[in-house]
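What follows is a single structure, written as structure tokens, with notes after it.
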Amino acid sequence: MRRSQSAATVPSLLMETFQSLLAKKLSDALANAGLPDAGELAQATDPRFGDYQTNAALVLAKQRDENPRDLAEKIVARLDVGDLCEPPVVAGVGFINFTLRTGAMAEKTVEVLRDERLGVAEERSTRRIVIDFGSPNVAKPMHVGHIRSTVVGDALARIAAFLGHEVVRDNHIGDWGTQFGMVIYGWKNLLDQQALQRNPLAEIVRVYKETNERANSNPQVREACRQELVKLQAGDKENTDIWNECVAFSMQDFEHVYKLLDVHYDLQCGESFYHARLPGVVERLLKSGIAEISEGAVVVFFRDNPELADKPLIIRKRDGGFNYATTDLATVDYRVNDLKADAIWYVVGAPQILHFKQIFEIARREGYAADLRHITFGSILGEDRKLMKTRSGENVPLRDLLDEACKRARKIIEEKNPHLSEDDKIDIAEKIGIGAVKYADLSQYRMTDYVFSWEKMLSLHGNTAPYLQNAYVRVRSIFRKAGESAVATPLWGVKEETGHRPVATELTLNDSAEINLAKRLCQFAEIVPQVLNDFRPNILANYLFELANSFHTFYEACPVLKSDEPARSSRLALCVLTGRVLYRGLDLLGIKVPEKM
RNA sequence: GCGCCCGUAGCUCAGCCGGAUAGAGCAACGGAUUUCUAAUCCGUAGGUCGAAGGUUCGAGUCCUUCCGGGCGCGCCA
């Protein structure tokens with residue numbers, strides 16, 4: 001039935017959204033009419049149908065083989081919603097439409113304004129969720145391929161945490177692959193110490209690539225690399241030291257990027273962390289009969305699962321080595337048994353769907369109860385609609401990409417607002433540039449491949465970060481202009497997100513732009529929990545875009561500081577709340593706002 | 001061969017569990033600036049939702065087949 005009444009989303013605070021209030025009233029009316037709960041109560045699909053609608057009568061009519069409009073009338077007769085909306089009307093084939101009273105909106109807006117959480121309730125049943133995202137590889141620079149995982153994973157983590165879940169952000173770094181044989185061989189034979197001093201990671205990448213080329217054409221080199229890997233895995237001192245240094249250099253590069261992106265991890269348990277646990281995993285699976293020996297390797301078959309029947313999974317190679325799958329199984333075990341995770345979310349690209357199906361299926365057979373989710377996403381494409389690469393056909397380093405974003409943002413700032421101070425320009429360029437890159441990812445459904453375009457993501461028009469940031473800047477500008485006079489009593493104990501306190505105890509909404517804006521502001525609390533429904537940050541992004549749009553319309557139509565009371569105070573309050581919702585909403589997406597731009 | 005994902009306006013994309021006459025932005029065209037940032041707003045135009053069947057009160061959404069694109073399928077990660 002209605003999402004707003006499902007166990008996961010019942011508000012635990014006193015404050016409730018219009019949606020949940022109306023859902024309850026509908027539920028009461030249905031009970032009153034001797035009918036079971038049915039259908040859903042949702043925001044209206046079109047303004048012509050009012051603000052909320054329900055299809056309860058349609059669903060019930062089908063179940064009971066009755067006339068939907070008659071049923072709708074029956075339900076409407078028992079609906080007691082006079083405090084919230086105009087009399088509900090039956091429309092179309094049997095929808096019931098609700099139009100909020102302006103007074104109710106004004107009251108609700110004040111409630112939201114008073115609430116530190118902007119009306120967003122914490123989930124009733126919270127869980128410990130390990131979120132696996134980012135996962136760069138050591139000895140390779142982070143590139144565009146990592147950005148979606150990092151940005152989407154971080155946003156989901158922020159949102160889940162805000163909703164009250166206990167979130168563990170885990171960076172599953174690729175620090176133990178077979179590539180290390182080549183890295184170590186290269187380190188020993190090809191390393192240029194001076195180059196290493198200048199740019200460590202670049203030098204490591206260089207020797208890795210060169211070794212790779214040699215290994216491809218020379219079997220002796222390939223064998224030498226394999227030997228280095230064997231030594232490393234056996235704990236050889238020299239190779240372990242080299243490995244440690246490579247990891248440290250790589251981490252420096254990651255940290256630089258994470259600082260720019262404002263991404264933080266609670267845990268960075270890379271693949272090497274699980275190394276010692278791998279034999280145990282294989283033993284356990286063999287013992288339980290889930291795995292078996294086949295052609296010298298240890299393999300899990302899924303014979304009773306039609307989808308996986310012809311897709312076995314190797315967990316120990318014929319040569320005795322372990323692989324990616326073994327590590328992932330050890331990781332599940334650690335997260336469930338040691339970290340006590342109720343859920344694990346893997347924010348990993350779509351190509352690995354099969355792999356995670358296999359892993360999850362094995363976890364299920366082993367009896368792990370945790371809720372395992374593979375949150376997939378599509379690729380970032382270049383203007384040619386092919387996987388985004390540099391001109392020479394290589395992956396685009398993330399550092400370079402982010403630097404260019406800031407550079408381009410800076411250029412626009414120079415054009416639009418040259419009188420800003422140098423410090424401001426640097427700060428704003430970073431917020432706009434990074435924000436634009438992140439928002440481009442988050443504003444789109446994660447499964448769609450999308451075309452990367454500087455021009456589009458940095459545009460001030462349309463669904464972009466700068467457009468949203470500009471709405472916030474306009475709010476701030478009003479308050480800068482207003483100065484202290486706008487900051488009056490009573491104080492509402494609101495956490496300082498914008499630095500300004502509201503100035504009215506009640507709102508008078510007259511202009512349609514004011515009403516629209518207030519309505520949007522009340523919807524924030526209805527939108528945020530929906531994101532986790534199907535892991536879609538773009539739902540929040542789209543909402544914020546519409547909010548910014550409503551605010552810009554309001555801004556054009558309704559002078560704030562120049563208007564007379566009570567409109568002035570009301571409008572100031574709308575501005576405060578818009579600023580706070582934008583700030584908080586963008587923060588949940590991991591995007592910062594500048595004060596000026 | 002088998003499996004997964006995608007196909008919506010000229011372009012980039014929304015449209016979650018099936019809801020009413022399919023929506024934005026860009027580009028195009030026409031307006032608005034004695035102003036709290038025009039870095040904006042208002043308006044016009046633009047569609048057989050890849051194709052064909054099916055399920056039902058109702059399908060962009062679910063099922064089947066086909067077409068087109070991407071990805072994946074025993075010792076890489």
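Just so we're on the same page: letters track the sequence lines, and every chain starts at 1. This one's a predicted model, so the numbers in the text were calculated from it and none came from an experiment. Values below: all heavy atoms of this structure, side chains included; hydrogens, waters and symmetry mates excluded.
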Across the strands shown, which category fits L58(A) at heavy-atom distances under 4.0 angstrom: base, sugar-phosphate, nothing?
base

Would you classify P351(A) as touching base, sugar-phosphate or nothing, given that sugar-phosphate means primed atoms plus P, OP1 and OP2, and contacts are heavy atoms under 4.0 Å?
sugar-phosphate

Per the atom types in the model, does the base of C6(B) pair as donor or acceptor with the side chain of D449(A) at under 3.5 Å?
no

Using Watson-Crick or G-U wobble geometry with both distances below 3.5 Å, tell me the partner of U35(B), or none.
none

Classify the ring geometry of F535(A) against W345(A): parallel below 30°, tilted from 30° to 60°, perpendicular beyond 60°.
perpendicular

By centroid distance (under 5.5 Å) and plane angle (under 30°), are Y445(A) and A14(B) in a stacked arrangement?
no

D319(A) near the nucleic acid: base, sugar-phosphate alone, or nothing, with a heavy-atom cut-off under 4.0 Å?
nothing

Residue N542(A), side-chain heavy atoms: nucleotide from C13(B), A14(B), C16(B) that is nearest
A14(B)

The nucleotide from C41(B), A14(B), U35(B) with an atom nearest the side chain of T448(A) is A14(B)

Take atom C1' in C17(B) and the same atom in G60(B), then report the distance between them in whole Å.
16 Å

Just call it for V560(A): base, sugar-phosphate, or nothing, with non-hydrogen atoms closer than 4.0 Å on any strand.
base

Suppose we call a contact any N or O donor and acceptor under 3.5 Å apart; does that hold for the side chain of Q179(A) and the base of C76(B)?
no

Pairwise P distance for G58(B) and U21(B), with rounding to whole Å
12 Å

Please work out if F545(A) contacts a base, only the sugar-phosphate, or nothing of the nucleic acid, heavy-atom cut-off 4.0 Å.
sugar-phosphate

Among the candidates G19(B), U21(B), G74(B), find the nucleotide nearest to the side-chain atoms of V93(A).
G19(B)

Please work out if A471(A) contacts a base, only the sugar-phosphate, or nothing of the nucleic acid, heavy-atom cut-off 4.0 Å.
nothing

Side chain of N97(A), base of A20(B): donor and acceptor closer than 3.5 Å?
yes

Are any side-chain N or O atoms of T376(A) and backbone N or O atoms of A350(A), one a donor and one an acceptor, separated by less than 3.5 Å?
no

Pick the P atom in A52(B) and in A32(B), then give their distance to the nearest Å.
45 Å

K311(A) has a side chain; which of C73(B), U12(B), A77(B) sits nearest to it?
C73(B)

Of the listed nucleotides G15(B), G74(B), C71(B), the one nearest the side chain of I314(A):
G74(B)

Is the aromatic ring centre of F49(A) closer than 5.5 Å to the centre of the six-membered base ring of A20(B), with the two planes inclined by less than 30°?
yes

Would you measure the distance from the C1' atom in G68(B) across to the matching atom in C29(B) and give it in whole Å?
34 Å

Which part of the nucleic acid, if any, lies within reach of A297(A) when heavy atoms closer than 4.0 Å are counted: base, sugar-phosphate only, or nothing?
base

Categorize K416(A) for me: base, sugar-phosphate, or nothing, with a 4.0 angstrom heavy-atom threshold over every strand shown.
base

Tell me what Q469(A) touches on the nucleic acid: a base, only sugar-phosphate, or nothing, going by heavy atoms under 4.0 Å.
nothing

Selection from G3(B), G74(B), C75(B) that lies nearest to any side-chain heavy atom of K317(A):
C75(B)

Over all strands shown, is E295(A) touching base, sugar-phosphate only, or nothing at heavy-atom distances under 4.0 angstrom?
base

Look at all strands and tell whether N55(A) reaches a base, only sugar-phosphate, or nothing, counting heavy atoms closer than 4.0 Å.
base

Nearest listed nucleotide, side chain of M597(A), among C57(B), A39(B), G23(B)
A39(B)

I'd like to know if K62(A) reaches the base of G58(B) with its side chain, counting only an N/O donor and acceptor under 3.5 Å.
yes

Would you please say whether a donor-acceptor pair under 3.5 Å links the side chains of D328(A) and Y274(A)?
no

At under 4.0 Å between heavy atoms, what does K596(A) touch on the DNA or RNA strands: base, sugar-phosphate, or nothing?
base

